[in-house]
Amino acid sequence: MSDIQENPASIAITLPDGTVRTVPAGSSGFDIARSIGKRLAEDALAVRVNGKPLDLHASIEHDACIEIITFDTPSGRDMFWHSASHIMAQAIEEIFPGSRFGAGPATEQGFYYDIASEHRFREEDLRKIEQKMLEIGKRDLRLQREEMKRVDAIAYFTNVRKDPYKVEILEDTLKEIETVSLYHQGSFTDLCSGPHLPTTAKLKAVLLTNISTSYWRGDSSRESMQRIYGIAFPSEKQLKEHVARLEEAKRRDHRKLGAELELFMLSPEIGSGLPVWLPNGAIIRSELEAFLKEEQRKRGYLPVYTPHIGNIDLYKRSGHYPYYSDSQFPPLTYHDEDGKQEQYLLKPMNCPHHHLIYSSKLRSYRDLPIRLAEFGTVYRHEQSGELNGLVRARGFTQDDSHIYCRPDQLVDEICNAIDLTQFVFRTLGFSEVQTRLSTHDPANQEKYGGTAEVWKQAERDVLEAATRMGIDYFIGIGEASFYGPKIDFIVRDALGRKWQLGTVQVDYVMPERFDLYYIGSDGQKHRPVVIHRAPFGSMERFIGVLIEHTAGNFPLWLAPVQAVVLPIAEEVHDYAKSVHAALISAGIRAETDTRSEKIGKKIREAEVGKIPCMIIVGQKEKNSGEVSLRRHRQGDAGSFTVEALVDMLRKEITERT
RNA sequence: GCUGAUGUAGCUCAGUCGGUAGAGCACUUCCUUGGUAAGGAAGAGGUCAUCGGUUCAAGUCCGAUCAUCAGCUCCA
């Protein structure tokens with residue numbers, strides 16, 4: 001290793017493509033970038049030395065693998081935005097002296113800084129701060145790293161910067177660390193581990209997006225701070241592209257498309273967070289449900305139905321009530337003629353009902369696994385600020401199933417559930433799905449039901465199944481439910497926000513609480529294991545994300561209106577009606593536009609309405625007994641006989657392509 | 001739930017200094033009968049979210065409530 005060399009005159013650096021260069025010892029990442037090319041030297045933001053990010057001008061003393069970090073990489077963007085947050089803090093300090101700064105990290109889509117200030121920030125302040133940030137950029141200030149003892153840093157932030165928040169971070173979060181680093185840029189200094197941009201001049205475009213509040217250190221008992229969010233780029237052009245992406249996301253927003261395409265509605269008269277499915281949306285939902293029911297039939301699931309409410313004792317027994325009482329609608333209470341009180345809960349979960357179905361008769365080991373499935377509507381009193389269209393509602397329907405199996409069947413059954421979920425996601429065209437293995441937090445054991453060894457076993461089983469299925473997962477510590485670990489399938493919406501859709505959960509706790517058992521081959525009682533699983537998760541949330549994913553351009557099998565017949569003139573209305581009738585009798589959802597409008601207008605409206613097939617009929621088609629097909633967003637698709645058209649569309653619908 | 005913003009026609013949005021409300025699209029009717037993304041004309045459409053206050057006068061100013069949006073916190 002190079003460590004044994006004492007001040008060598010030159011060092012060997014290995015670039016990511018494997019080439020090795022010899023440079024003088026003490027060269028910086030910038031020197032190396034410049035030796036590679038002028039463009040790279042301009043784009044270079046920092047350097048990674050043996051995997052460790054460093055400032056671009058830090059000197060490299062030993063042989064190393066190095067990589068020049070630019071804005072094109074996630075870590076380059078992260079660093080750029082982190083530096084931008086420092087520049088924003090400096091701008092704010094210059095415009096609003098006396099502002100104090102909490103945390104100011106980069107996020108996946110920009111950065112923010114938490115600020116304590118006498119001044120209440122408003123929209124117009126953001127424009128001023130942006131201008132100031134660009135001005136600081138033009139000043140071409142070097143971001144200089146300084147390392148100091150933690151105790152000295154405390155003194156510095158107490159006396160020089162007079163920033164109590166940084167002092168608290170130094171005294172608490174960083175209390176184990178002896179030497180910390182500060183970054184100076186002109187008159188501004190921040191506590192930061194770095195690395196940072198070499199100069200503020202890299203910042204060429206900035207957009208401050210919104211102001212909100214947050215609690216200092218995320219603790220609602222601490223003071224609230226003003227948080228300013230923004231995003232920045234090394235060029236004006238990239239900012240423009242970003243703004244265009246935001247506008248596209250806005251167009252795809254399921255709340256907007258849901259209203260435009262008449263899929264669902266929300267009304268304060270019904271209640272906040274209680275979506276209502278309009279006829280068009282109900283078609284999509286019922287097609288999805290039919291799709292899953294069909295698949296579940298093939299995979300040995302048994303459909304059941306259970307009521308929307310249940311005696312509160314059921315939920316006390318399951319543990320849901322004590323754990324989640326604050327996010328449930330208050331119990332319905334009534335007194336019978338004898339004055340006896342009974343309380344019912346709008347069901348927040350389907351599992352207790354299913355457990356009682358399981359235990360309604362004696363089960364043999366030969367009967368297992370038993371897979372009970374239901375599209376079960378549940379009600380949860382989510383916090384008002386959390387409600388969001390279809391993706392976060394207070395009433396929603398889970399495509400729920402509980403699988404009761406023997407311990408020796410568990411891993412196979414988890415694998416089957418994963419396979420079903422993957423099949424569903426693949427069919428609906430979700431290719432970028434993240435899989436999270438949600439485990440418990442050992443430091444917080446009292447949050448969970450069941451014993452430590454039960455958890456150990458459950459997590460081992462989940463891991464084994466995930467490995468066997470070849471899933472590319474990440475681990476979410478503390479993300480487990482109170483009764484067991486789970487595998488969650490996470491998809492992003494149009495705005496890049498992540499939502500959990502499908503889930504597969506292992507549960508050793510409920511079988512105990514509900515005293516579930518089966519008779520084994522030894523004639524003795526044994527505990528089954530329960531798997532909770534829901535491939536869609538919630539129909540509401542899934543469809544909300546699906547709307548954004550498809551931008552409302554649903555595949556033919558899901559489209560509320562699959563085809564619209566567009567007659568060119570009144571003299572072919574009869575022919576149009578016969579085509580329409582043929583489509584309807586083939587089970588295709590079709591309409592006919594007989595208004596006295598020109599064909600161009602009818603086509604435009606069908607396009608705007610995102611109807612997959614436009615079937616244009618005029619005198620020519622009437623004479624030949626054919627139709628002219630136009631596909632949504634594709635244009636003219638040629639002429640077909642009605643019979644050929646129906647066959648073609650039927651095939652596409654059945655295959656769900 | 002917390003902090004902030006917003007709420008005007010079915011939709012998108014104007015509405016100045018407080019003086020009884022406007023556009024485009026959509027809708028209805030009539031004219032027009034046409035060939036792959038907007039034909040023409042006329043008409044109708046409003047308790048300015050709700051409730052209260054200030055004022056001679058409130059869409060406009062103030063307060064409360066409800067809802068929505070952004071973020072925080074939470075998520076079986």
Side-chain angles (χ1 to χ4, degrees), chain A residues 107 112 114 120-123 209-229 250 253 255-256 259-260 262 266-273 315 318-328 347-352 378 380-389 392 398 400 438 448-449 479-484 486 488 495 497 499-500 503 505 507 509-510 532 534 538 566-573 594-609 614-621 628-637:
Chain A
T107 64
Y112 66 80
D114 288 342
R120 167 67 64 191
F121 292 100
R122 304 184 62 84
E123 192 70 28
T209 47
N210 59 53
I211 310 165
S212 79
T213 51
S214 64
Y215 298 109
W216 169 232
R217 313 190 86 182
D219 181 345
S220 60
S221 67
R222 303 293 302 266
E223 65 265 43
S224 65
M225 302 185 80
Q226 301 186 72
R227 176 174 293 183
I228 298 182
Y229 285 85
K250 229 172 164 180
D253 189 316
R255 294 164 296 193
K256 190 172 164 65
E260 280 171 10
E262 296 178 15
L266 288 154
S267 159
E269 287 164 288
I270 293 165
S272 133
Y315 296 97
S318 71
H320 290 109
Y321 188 69
Y323 269 88
Y324 299 103
S325 56
D326 55 344
S327 57
Q328 282 160 186
K347 72 176 173 187
M349 285 296 282
N350 302 303
C351 9
V378 296
R380 298 178 185 175
H381 194 269
E382 303 289 0
Q383 295 185 23
S384 58
E386 205 40 63
L387 300 174
N388 185 307
R392 181 58 66 93
Q398 297 178 318
D400 214 354
S438 302
Y448 306 95
E479 300 283 352
S481 70
F482 75 87
Y483 51 70
K486 49 185 187 150
D488 295 319
L495 292 162
R497 292 180 293 205
W499 296 101
Q500 181 198 306
T503 182
Q505 316 181 348
D507 182 355
V509 175
M510 291 300 148
H532 307 239
S538 129
L566 305 179
I568 282 169
E570 218 166 303
E571 62 200 34
V572 293
H573 278 190
T594 52
R595 296 172 309 162
S596 64
E597 294 291 351
K598 287 193 172 177
I599 194 66
K601 175 146 182 165
K602 292 183 183 182
I603 286 170
R604 179 184 151 78
E605 291 190 5
E607 288 283 353
V608 170
M614 285 151 272
I615 293 157
I616 295 156
V617 294
Q619 199 58 53
K620 206 164 68 191
E621 286 76 14
S628 169
L629 174 66
R630 179 191 165 99
R631 293 300 299 249
H632 174 50
R633 301 199 302 161
Q634 291 168 25
D636 197 342

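Convention: sequence-line order gives letters A, B, ...; per-chain numbering from 1.
Of all nucleotides listed (B:A37, B:U33, B:G35), B:A37 comes nearest to the side chain of A:Val608. Across B:A76, B:A37, B:G1, the shortest atom-to-atom separation from the side chain of A:Arg380 is found for B:A76. Listed nucleotides: B:G39, B:A37, B:A67. Nearest to the side chain of A:Glu607: B:A37. Distances from the side chain of A:Pro268 to the nucleotides B:G39, B:U33, B:A67 place B:A67 closest.
Annotation: A:Phe482 is in aromatic contact with A:Tyr324 [ring centroid separation under 6.0 Å].
Side-chain nitrogen and oxygen atoms of A:Ser214 include none within less than 4.0 Å of the OP1 or OP2 phosphate oxygen of B:U3. Contact annotation: A:Tyr229 side-chain N/O to B:C72 OP1/OP2 distance is under 4.0 Å. Contact check, A:Asn350 against B:A76: no side-chain N or O comes under 4.0 Å of OP1 or OP2. Distances shorter than 4.0 Å separate none of the side-chain N or O atoms of A:Arg255 from OP1 or OP2 on B:U68.
On a pure distance criterion of 3.5 Å, no polar donor-acceptor pair joins the side chain of A:Ser318 and the base of B:A76. With hydrogens and angles left out, the side chain of A:Arg633 and the base of B:A37 share no donor-acceptor pair within 3.5 Å.
Contact of the A:Glu382 side chain with the A:Leu387 side chain is registered, since non-hydrogen atoms from C-beta on lie closer than 4.5 Å. The side-chain heavy atoms of A:Pro567 and A:Val617, taken from C-beta on, include a pair separated by under 4.5 Å. Between A:Asp636 and A:Ile616, the closest side-chain pair of non-hydrogen atoms is not below 4.5 Å.
Only the C1' atoms considered, B:A38 is 13 Å distant from B:G24, to the nearest whole Å. Taking atom P on both nucleotides, B:G40 is separated from B:C25 by 9 Å, rounded to a whole Å. Remark: the separation of the P atoms in B:C48 and B:U20 is 14 Å, to the nearest Å. Comparing the P positions of B:A64 and B:A5 gives a spacing of 12 Å, expressed to the nearest Å. Annotation: B:U60 and B:C17 have their C1' atoms spaced 10 Å apart (nearest Å). A distance of about 26 Å separates the C1' atoms of B:A9 and B:G52, rounded to the whole Å. When the C1' atom is used for both B:G19 and B:G15, the distance is 14 Å, rounded to whole Å. For B:C27 and B:U65, the C1' atoms lie 34 Å apart once the distance is rounded to whole Å.
For A:Gln226 and B:C2, the CD to C1' distance is 14 Å, given to the nearest whole Å. Straight-line distance from the CZ atom of A:Arg631 to the C1' atom of B:U36: 15 Å, rounded to whole Å. Here the P atom of nucleotide B:C74 and the CD atom of A:Glu382 are 13 Å apart, to the nearest Å.
Among the protein residues, A:Thr209 comes within range of no part of the nucleic acid, since none of its heavy atoms lies under 4.0 Å from any strand.
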Contact list (N/O, under 3.5 angstrom) for nucleotides 41-45 of chain B vs protein:
none

Quick test: give all pairs of protein nitrogen or oxygen and nucleotides 26-28 of chain B nitrogen or oxygen below 3.5 Å, distance rounded to 0.1 Å.
none

Under a 4.0 Å heavy-atom criterion, the protein footprint on nucleotides 4-12 of chain B, written with B, S and -, is ---------

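By the 6.0 Å contact criterion, CD on A:Glu262 is open, its count of non-hydrogen atoms from other residues, nucleotides or ligands being 12 or less.
Residue ring and base: A:Tyr483 does not count as stacked with B:A76 (centre distance below 5.5 Å and interplanar angle below 30° not both satisfied).
Rounding to the nearest 0.5 angstrom, the gap separating the CD atom in A:Glu607 from the CD atom in A:Gln634 is 9.5 Å.
RNA chain B is contacted by both A:Gly273 and A:Arg392; A:Gly273 maps to the nucleotide lying nearer its 5′ end (nearest heavy atom per residue).
Salt bridge A:Glu597/A:Arg604: absent, no basic N to carboxylate O contact under 4.0 Å.
Within the shown strands, B:U65 is the pairing partner of B:A49 under the Watson-Crick or G-U definition, both distances less than 3.5 Å.
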